[in-house]
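This report concerns only the one structure given below.
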Amino acid sequence: MTDAYIALETGEVVTARSRAPGEAYGELVFTTPYTGYEESLTDPSYEAQVLTFAYPLIGNYGVREERFESDRVHPSAVVARELTDDVADWLAEEGVPAIDEIDTRDLVLDIRERGAMKCGIAAGPDATPEKARAQLEQCPHMSDVTDIGDRVTVDEPEFHPSGADDPLTAALIDCGTKRSIVDSLNERDADVHVLPYDATTEDVEAVDPDLLFVSNGPGDPANFEPTEELVVESIDDVPIAGICLGQQIVARAVGGETEKMDFGHRGVNQPVIDVRSEKVVMTTQNHGYSVADPGDMEVTQLNVNDDTSEGLESAEHDIITRQYHPEAHPGPHDTLDFFDDVLSMAEDGHHPARAE
Ligand SMILES: NC(=O)CC[C@H](N)C(=O)O
C-alpha cells in the first residue's frame, strides 16, 4: 500500500508504506548493523537526521526500555525495508514518522554515491509527494543546525554515583551522551556528574573532577563552541577524555580541524588499527564528521578502511579520545578497555606516557 513518500535531493520521490504517520525532514544517513535498533533509535547523535536501516528486518526481538540510550527517539524519521509492529507502534507513540516497503539497498547506494543528503518525508492517509517535497525544502544543511546542542543536553546537572567506597569523579559534558557511557564509568567505580554542554569552568571546578569527559553527540562539532571553550580553559588543569563528537571538539580545542565526510561511518564492524601496537579491533561507529587535523595531539589509531583518525592522545596535556564508540551498545566489546585507560589516567593525574 502506498501511503508514504520520501523526497530526495536528487529530485526523486520514492513511494513507501506508512508505519507511523507524520511529516519530517532531516539529513538522510544509513546504519548497517543487524541488531541494536533500540540503541540507535535512542542515540542522541542521530538528532536532526533521518535514519535508514540497511538491514532488511528491524524489530524482530521487540522493544525494551533497558536497551535505550536516552529517554526518547532522536531521528526525525525512520526508513526501513520492513519494520515489525513492535517498532512501528513505538515510533508512532513517539510521534516519529516511519516508512517501510522501500528498496533500502537502492537508497543506501544513493547515499554512498551522493553523500548524506537532505530529505523530506510524508507518511499516513493524507500523505502526498508534494508534502514530502515541502518537507525537503525546509531541511537545513546539518552544519546550519546551530541549536543542536540545546536539543539534546541535560537541562540541569545530574549526579550518577557509582556506589564505590573510594570513587574517582568524572565531569561528563553532555553534548548528547549515550547512557551506556555513564554506565561504563560507573561500573569502573567513577561517580559521574553530567553537566550541560555549555557548562562553565566554575561548574566543573564545583565538582572537583579527576577527569573531564566530553560526550558523543549530534551535528557539526563547530556548533559546540561553549564546550570547545571549556576544553581550552581546562587543558593542563585536569586529564581529558572524549568519544566521537567529544574527540572532534577536543581536537578543535587544541588547534585542530574537523571536516564533513561524504556519508560517514555507521555500523558495528569498522576495523581500527593502533599505530603503536599494530593491533586491530572491531568498533562501533556513528559519525559524519571527522578530525582532519589533530592539532597538538598525536594520531594513535586509524580506520583501516580509509585512514581517518580514530584515536588521538596527548601525553603532554593528558588527553585520550576516540572517534568510535568504545561503550559499544550495540557492537563488539573489543574497545571497552578505553574506559580503564582514561580512568587510570584520571587516577594517576597524568597520561601513562608522561613521566612524573
Ligand atoms: N556519535 C557522535 O558523537 C557523532 C559525532 C558528530 N555529530 C558526527 O556526526 O561526526
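When a ligand or atom number is given, it counts from 1 through the structure's own listing order.
- Other residues sharing a hydrophobic cluster with Val50 under the 4.5 Å side-chain heavy-atom criterion for ILVMFWY residues are Ile6, Leu8, Val14, Leu28, Phe30, Val79, Ile99, Ile102, Leu107, Val108, Ile111, Met117, Ile121, Phe263.
- A salt bridge links Asp85 and Arg19; the closest N-O separation between the charged side-chain nitrogens and carboxylate oxygens is under 4.0 Å.
- Taking a heavy-atom cut-off of under 4.0 Å, ligand 1 is surrounded by Ser45, Asn216, Gly217, Pro218, Gly219, Cys244, Leu245, Gln248, Asn286, His287, Gly288, Tyr289, His325.
- A centroid separation of 6.0 Å or more is found between the aromatic rings of Trp90 and Tyr37.
- Among all heavy-atom pairs drawn from Glu310 and His265, the shortest one is OE2-ND1, 3.9 Å.
- Of the N and O atoms on the side chains of Thr300 and Glu298, not one donor lies less than 3.5 Å from an acceptor on the other residue.
- Partner Ile243 forms a side chain to side chain contact (heavy atoms under 4.5 Å, CB included) with one of Pro326, Ser184, Cys175 and no other, that one being Pro326.
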